[in-house]
Amino acid sequence: MEYEMHFAPVLAYWPHFLTGAVQTLGLTGGAVFFGLTIGLFGAIARDSRSKAVAGIVAIYVEIVRNTPMLVQMLIFFFALPMVGIQISATAAALMSISFNLGAYATEIIRAGIVAIPRTQIEAGLALGMSRFRVMRHIVIIPALRIIFPALTGQLTLTLQGTSIASAISAAELTSAASFVESITFRSLETYIVLAIVYICLTFLFRLIYWLVSLVLFRRKRSLNLEKLSGSPVMGAQ
């Protein structure tokens, strides 16, 4: 049995793919913002002197890492209305994806923080720096440099994981592809186009991560070049 692929009927619905891609980018952007915020505070709380706080964060991380994200999403989607909280499918997807990313980001950021020598923190405090400046300049930025590859890899998985939101009919790219497939009955062509769009989005995010690394670590690279050449580097801050 021969199958002839025809992409024309599928590509005729390109506005649906475009809208879905924009919705996926919005969902991913929101999840990255809230997930990294949860991860940052979770990492700090994980090493808190309060055993109760550290224990609560540890339980949260273990629950998330030992349950599928789809199950977490279904719990958010079905449980909240049962307690009187009415939210849309997209809001439930955003909350569950942020909740999931926050747990993984907590462990990744914590790994970077504990890699900073304690003596550097004590030296910063001894020089009169505030704890905020010590946390910002001596802990967070160097730690971010250490964990950047692992963290961006997790964020890429988050982008691809948004496809799970189609299970609760949230507005995103895979849901748009399912709609096109149900109309055209061209399943193979539809999901080939869907895969290509996801590849393009992934490369777009990798480009953004690269640009962010240039901005965040530019000073460090400039200082390294200056050290190697023995003379100041133009543009070094």
Side-chain angles (χ1 to χ4, degrees), residues 19-48 50-113 147-179 191 194-195 197-199 201-202 204-206 208-209:
T19 302
V22 172
Q23 291 167 336
T24 289
L25 288 175
L27 183 61
T28 304
V32 166
F33 174 78
F34 291 113
L36 290 183
T37 302
I38 295 171
L40 178 59
F41 286 102
I44 295 172
R46 188 76 170 81
D47 290 326
S48 170
S50 170
K51 292 184 178 180
V53 173
I56 291 172
V57 176
I59 292 172
Y60 156 62
V61 170
E62 290 303 317
I63 289 175
V64 170
R65 294 203 304 184
N66 291 287
T67 54
M69 187 164 72
L70 177 58
V71 174
Q72 298 162 17
M73 190 174 294
L74 292 174
I75 290 175
F76 270 95
F77 185 61
F78 290 110
L80 292 180
M82 294 179 67
V83 296
I85 302 175
Q86 299 296 332
I87 59 174
S88 65
T90 301
L94 175 61
M95 293 174 66
S96 58
I97 296 173
S98 302
F99 181 78
N100 183 278
L101 174 60
Y104 287 96
T106 293
E107 288 301 289
I108 294 173
I109 295 174
R110 177 171 173 261
I113 291 176
I147 65 173
F148 199 74
L151 188 60
T152 54
Q154 186 62 45
L155 298 183
T156 300
L157 290 177
T158 299
L159 165 67
Q160 297 166 357
T162 57
S163 61
I164 297 176
S166 62
I168 59 174
S169 301
E172 51 80 49
L173 182 57
T174 303
S175 294
S178 298
F179 173 75
Y191 291 112
L194 176 64
V197 176
Y198 270 116
I199 290 172
L201 293 180
T202 299
L204 173 63
F205 267 62
R206 290 174 63 180
I208 294 173
Y209 300 149

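Here the closest non-hydrogen pair linking Ser166 and Glu172 is CB-OE2, 3.3 Å. Closest approach of Asn100 to Tyr104, counting heavy atoms only: O-CD1, 3.3 Å. The two residues Tyr191 and Ala177 have their closest heavy-atom pair at CE2-CB, 4.4 Å. Of all heavy-atom pairs spanning Gly161 and Met69, the tightest one is O-CE, 3.5 Å. Shortest non-hydrogen contact noted between Gly30 and Leu94 is C-CD1, 3.5 Å. Heavy atoms only, all atoms of each residue included: Ala58 and Arg46 are closest at CB-CZ, 3.7 Å.
Side-chain contact, Tyr198 with Thr24: no donor N or O sits under 3.5 Å from an acceptor N or O.
Contact check for Leu201 versus Leu173: side-chain heavy atoms found under the 4.5 Å cut-off. Side-chain atoms of Leu40 and Leu36, non-hydrogen and from C-beta on, never get closer than 4.5 Å to each other. Looking only at side-chain heavy atoms (C-beta outward), Gln160 and Leu157 come within less than 4.5 Å of each other. You'll find the side chain of Leu155 stays beyond 4.5 Å of the side chain of Phe205, heavy atoms only. Within the 4.5 Å cutoff, the side chain of Phe76 has no heavy atoms near those of the Ile168 side chain.
In this structure, Gln86 CD and Leu80 CG are separated by 9.5 Å, a value rounded to the nearest 0.5 Å. Taken from CZ in Phe77 to CD1 in Ile87, the straight-line distance is 8.0 Å, to the nearest 0.5 Å. Once rounded to the nearest 0.5 Å, the distance linking CD1 of Ile56 with OG of Ser50 reads 7.5 Å. To the nearest 0.5 Å, atom CE of residue Met95 and atom CD of residue Gln72 are 12.5 Å apart. Distance check, rounded to the nearest 0.5 Å: CD1 of Ile164 to OG1 of Thr174 gives 9.5 Å. For the atom pair Thr202 OG1 and Leu159 CG, the distance stands at 5.0 Å (nearest 0.5 Å).
Side-chain atoms of Thr158 come within 3.5 Å of backbone atoms of Gln154 as a donor-acceptor pair (strictly under, hydrogens ignored). Put simply, the side chain of Ser175 gets close to the backbone of Ala170: a donor and an acceptor are under 3.5 Å apart.
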